[in-house]
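Only one structure is covered here, and it is reproduced in the block below.
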Protein chains: 2
Amino acid sequence: MAEKPNQVEKLRSLNDFHCNNCGLASLCLPLSLSLTDMERLDGIIEKSPPLKKGSHLFHQGDPFTSIFAVRAGTIKTYTVTKDGEEQITGFYFPGELIGLNAIDTEAYPISAKILETTTVCEIPYEKLDDLAGQMPELRRQLIRTMGREIREEQQMMLLLSKKTAEERVATFLLKLSERYRKRGYSASIFRLSMSRNEIGNYLGLAVETVSRIFSRFQKQQLINVEGKEIEVLSLEDLHAVSGELRMPSLDQNSARATS
Amino acid sequence: MAEKPNQVEKLRSLNDFHCNNCGLASLCLPLSLSLTDMERLDGIIEKSPPLKKGSHLFHQGDPFTSIFAVRAGTIKTYTVTKDGEEQITGFYFPGELIGLNAIDTEAYPISAKILETTTVCEIPYEKLDDLAGQMPELRRQLIRTMGREIREEQQMMLLLSKKTAEERVATFLLKLSERYRKRGYSASIFRLSMSRNEIGNYLGLAVETVSRIFSRFQKQQLINVEGKEIEVLSLEDLHAVSGELRMPSLDQNSARATS
DNA sequence: CGCATGATTGAAGTATATCAATAGTGGTGG
DNA sequence: CCACCACTATTGATATACTTCAATCATGCG
């Protein structure tokens, strides 16, 4: 039976999606929860249908209600500056949480836009807070996740204030590579889900600069670029260009790393 | 009795220092704790003696044990980049917490250096975590504080990636002004506890640029500068130069602000 | 009081932005 | 299915905000 998975089958399996069978649990909030705890967390989570590219998860100013975990796809978050231009504050991949910066406010301080067809888990914050009061491991995991976010943003500050354009782009590619690797994808071949414009915006560079540096890196045999397809030819060399301290590819066990 | 407060008196009052009589409680973790809860928090906190300018609270790589709350004085945090130069990640004033970025690691990812004679409250993280499990309001306050830190760092990213030198310096001065105001000091006259070099480092600018902009602002009657003494002549005009969206001085009740 | 360190100001250099023109890409409808 | 159009990316030429280098001046600490 069930020899040919059909449409109904596929729908059923979508509805059967739970934290305890989510491949991302180890990257997300369920990390180190017991099975029963995981089920309780699962109970408060709303799984979204696929969201279309270009649509918004929420807009800056919308009332804050929920944290979102990316299940599949990519999301960018951004604010709009005084003169109307956008500043991208982050790209979010499966297992990552969006909305942590809104916890002490009544409205989202940023907008979240879908970059490619994406599904998310919506976690109502009031309920999450309740559960965090009852489940020590969930509380710790939430706080750890926030601590990591603070740290990563400080690294981003360093990138923006001290690094050259080449270092920024190299660092960006390495970080992407590392994130793909952690999710079980190739660390050396991947597809950019954002435009050159968005990369430049995020890194504090003009589009043209990003484009030139991609070309330069290609000429230097560091990477192969073909539109949005990136192949990293030498993680080591790219790392040398990035000006980063540690060698991310050696950093297999991030929990024990001292950063 | 006790007509002339003497040395012993002063020492006694130092030892009598507790969360429930700390003027900063409303800016710090004790915020919205009940009196009993506050006393329990107070029970796990170690009050430091005065720390000397130039000394370190901890060094990058030291084992992570505690969060610190500044009680009086100023502290800067910084990382050291590959080529040995430092990147300042923040300045911390009374009531602010240091070390939140280390929570999910085993070692501090930054160093913390005293800028002027400072006292701190040391909060052992294990004990804080225990208490957070028992006291919902403490848990919420810790998480809120982290959420705010994440948000503020995103604003800093925006500053570093989109703002001009003048906008950066103006924003910096306004943020300082606001922080002094919240602590009951003058919003328009204050003393910089950091050097021009440190300001430049933090803002991603050369010292010379900071100095030139201070002079320019002075010429434009925005501020008066005399060494480390700053007088803001027009918060409104400075705000206009800063490129910030909101008018911070109108933002009296930050808890209800939606940012 | 003196000397090291920090701050200011000017002159010259540079990395990156901006402007401009062309080439490629992907989505849409005929 | 291909042709079209808008959008995105690339590449070159020029402009500029900020850095770097250099010299002088101020400050504060022992």
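Side-chain atoms are counted along with the backbone in the values below, which use heavy atoms only and exclude waters and symmetry mates.
The existence of a salt bridge linking B/Glu122 and B/Lys47 is excluded, since no basic side-chain nitrogen approaches an acidic carboxylate oxygen closer than 4.0 Å. A salt bridge links B/Lys163 with B/Glu244: the distance from a Lys NZ or Arg NE/NH1/NH2 to an Asp or Glu carboxylate oxygen falls below 4.0 Å. Using a cut-off of 4.0 Å between Lys/Arg side-chain N and Asp/Glu carboxylate O, B/Glu153 and B/Arg148 are scored as not salt-bridged. With salt bridges taken as basic N to acidic carboxylate O contacts below 4.0 Å, none links A/Arg212 and A/Glu166. Between B/Lys53 and B/Glu116 there is no salt bridge, since no side-chain nitrogen of the basic residue lies less than 4.0 Å from a carboxylate oxygen of the acidic one.
Reading DNA chain D from its 5' end, the first and the last nucleotide to sit under 4.0 Å from a heavy atom of chain A are D/dA9 to D/dA13.
Spacing between atom CG of B/Leu205 and atom P of C/dA15 amounts to 18 Å, rounded to whole angstrom units. Between the CD atom of A/Glu166 and the C1' atom of C/dA15 there is a distance of 11 Å, given to the nearest Å. Between the P atom of C/dT5 and the NZ atom of B/Lys228 lies a distance of 15 Å, rounded to the nearest Å. In this structure, A/Arg216 atom CZ and C/dT16 atom P are separated by 8 Å, rounded to whole Å. For A/Lys162 and C/dA15, the NZ to P distance is 17 Å, given to the nearest whole Å. One atom, CD1 of B/Ile213, and another, P of C/dT8, lie 12 Å apart when rounded to the nearest Å. Between the CZ atom of A/Arg196 and the P atom of C/dG24 there is a distance of 14 Å, given to the nearest Å. Atom CG of A/Asn197 and atom P of C/dG26 are 17 Å apart (whole Å).
Heavy atoms of B/Gly204 sit under 4.0 angstrom from primed sugar atoms or phosphate atoms, though from no base atom. Using a 4.0 Å heavy-atom cutoff across all strands shown, B/Thr209 reaches at least one base atom of the nucleic acid. Residue A/Ala165 is classed as a sugar-phosphate contact, given heavy-atom separations below 4.0 Å to backbone atoms only. Across all strands shown, A/Ser211 has heavy atoms under 4.0 Å from base atoms, whether or not it also approaches the sugar-phosphate.
When each of B/Ala206 and B/Lys53 is assigned the nucleotide of DNA chain D with its nearest heavy atom, B/Ala206 is the one assigned upstream, toward the 5' end.
A cation-pi arrangement, defined by a distance under 6.0 Å to the six-membered ring centre and an angle within 45 degrees of its axis, is absent between B/Arg183 and B/Phe93.
Put simply, the side chain of B/Glu226 does not reach to within 4.5 Å of the side chain of B/Gln218, judged on heavy atoms.
Considering only side-chain atoms of B/Glu208, the nucleotide from C/dT18, C/dT16, C/dG10 that sits closest is C/dG10.
The side chain of B/Arg212 contributes no N or O atom lying less than 4.0 Å from OP1 or OP2 of C/dT8.
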